[in-house]
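What follows is a single structure, written as structure tokens, with notes after it.
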Amino acid sequence: MENQIIQNQTVYAMPRIGDKAPVFKAVTTQGDINFPGDYSGSWVILFSHPADFTPVCTSEFMTFAAMEAQFNNANTKLVGLSVDGLYSHIAWLRTIKEKIEYKGMKNIEVNFPLIEDITMEIATKYGMMMPGESSTKAVRAVFVIDPQGIIRTIIYYPLSLGRNFDELYRVVLALQTADAFSVATPADWRPGDDVIIPTAGSCGIAKERMESQDENITCHDWFFCTKKIDKETVMSRITKKQF
Ligand code: BEZ
């Protein structure tokens, strides 16, 4: 990823999957952070929202905060960002805690850091500003970053569309499962579903696998073999608590 200097201004290349997460220092509702250095050893979801005191964002923050323990249990920390200032963030989060009741959630305290980015520098670095959608607000971007600081998944949503946080949790579990068991995960995979064994490198290995007597392996064809891994095995490997 190469950034360019044009007319004395840095033009940031969009970060891509497999890139190192761009480095920054920031002021947050939980104090100053150095990113991603402070999160070394943990997975992180860095996500942006368009603006404080807006309804879709409020529903998202309440949902994410209510699920924080679940993410933490999967060694995943949450970090939010918008181009609002710190005092706006603090006032909005206080309003959420003191006044908003939504879908059975109330008294919701947001304990993960929310970055202030009034200069839009971090949002620009991470490709969160999309002028076709808004030139003054970040879109709803999601970066899933691994314990080595590598970007592993990027998802973008427009301003009007609230995110599905069960899906983000599924993404984290699927990435961790792929790493832990050297497998891939098929469409709609959830822990307990069969995983995909990477395609064999040679004909001989593929044939051997096709003819495998292992009752945990099913081959639909030479390039498409799945394997059972039960939910307990997955969850005990990638979370702190057994499910
Ligand atoms: C919202 O969070 O409700 C929102 C924010 C910016 C534009 C549109 C909706």
Side-chain angles (χ1 to χ4, degrees), residues 11-16 21-22 24 26-31 33 35 39 43-72 76-145 151-172:
V11 178
Y12 292 106
M14 296 273 278
R16 292 168 299 193
F24 63 82
V27 173
T28 86
T29 50
Q30 303 287 326
I33 59 168
F35 195 92
Y39 295 87
W43 289 76
V44 194
I45 297 183
L46 173 67
F47 68 102
S48 55
H49 70 276
D52 299 344
F53 291 101
T54 53
V56 178
C57 300
T58 299
S59 70
E60 289 193 318
F61 262 69
M62 293 183 76
T63 309
F64 227 172
M67 291 174 73
E68 190 185 4
Q70 197 178 327
F71 280 94
N72 288 170
T76 303
K77 297 190 171 144
L78 311 178
V79 180
L81 176 149
S82 82
V83 302
D84 299 293
L86 185 63
Y87 295 110
S88 166
H89 285 343
I90 291 169
W92 179 46
L93 299 187
R94 188 186 302 145
T95 305
I96 287 176
K97 177 166 165 37
E98 291 176 357
K99 295 200 179 144
I100 311 287
E101 190 171 343
Y102 173 69
K103 280 198 164 173
M105 295 180 281
K106 66 176 193 180
N107 242 319
I108 295 289
E109 198 158 341
V110 175
N111 293 315
F112 56 80
L114 174 49
I115 294 169
E116 77 154 9
D117 188 28
I118 39 182
T119 61
M120 302 186 190
E121 194 176 331
I122 303 167
T124 305
K125 234 181 196 181
Y126 271 80
M128 294 164 170
M129 301 307 297
M130 299 204 174
E133 179 74 346
S134 169
S135 52
T136 56
K137 296 174 174 63
V139 296
R140 299 180 200 281
V142 180
F143 289 83
V144 183
I145 296 164
I151 297 171
R152 299 289 298 275
T153 298
I154 303 173
I155 312 175
Y156 288 107
Y157 298 73
L159 301 189
S160 63
L161 177 57
R163 285 162 277 211
N164 181 319
F165 293 92
D166 288 332
E167 167 62 2
L168 300 187
Y169 183 60
R170 191 190 76 88
V171 167
V172 164

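Indexing begins at 1, ligand by ligand and atom by atom, following the structure's order. Numbers here are sequence positions counted from 1. When reading the values below, keep in mind they use all heavy atoms of this one structure, side chains included, and skip hydrogens, waters and symmetry mates.
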Check: How long is the span from the CE atom in Met130 to the CE atom in Met128, to the nearest 0.5 Å?
Finding: 9.5 Å

Check: To which protein heavy atom is atom 3 (O) of ligand 1 closest, and what is the distance rounded to 0.1 Å?
Finding: Val56 N, 2.7 Å

Check: Is there at least one pair of N or O atoms, one from Thr54 and one from ligand 1, spaced under 3.5 Å apart?
Finding: yes

Item checked: Validation row, ring centre Phe64 to ring centre Phe71 under 6.0 Å -> yes

Note to self: Using modelled atom types and a 3.5 Å cut-off, is there a donor and acceptor pairing between side-chain atoms of Ser48 and backbone atoms of Ala141?
What the structure shows: yes

Next item on the list: Consider every N or O of Cys57 and every N or O of ligand 1, then say whether any pair is closer than 3.5 Å.
Entry: yes

Next item on the list: Tell me whether the centres of the aromatic rings in Phe35 and Tyr39 are closer together than 6.0 Å.
Entry: yes

Notebook entry, point to check: Can you find a non-hydrogen atom of Pro55 under 4.0 Å from ligand 1?
Noted result: yes

Next item on the list: Record the part of Pro50 in heavy-atom contact with ligand 1 below 4.0 Å; permitted values are side chain, backbone, both and neither.
Entry: side chain

Notebook entry, point to check: Does Arg140 come within less than 4.0 Å of ligand 1, judged by its heavy atoms?
Noted result: yes

Next item on the list: Could you check atom 9 (C) of ligand 1 against the protein and tell me its nearest heavy-atom contact, residue, atom and distance included?
Entry: Leu159 O, 3.9 Å

Next item on the list: Verify whether the ring centers belonging to Phe61 and Trp92 lie closer than 6.0 Å.
Entry: yes

Notebook entry, point to check: Do His89 and Asp52 meet the criterion of a side-chain donor-acceptor pair at a distance under 3.5 Å?
Noted result: yes

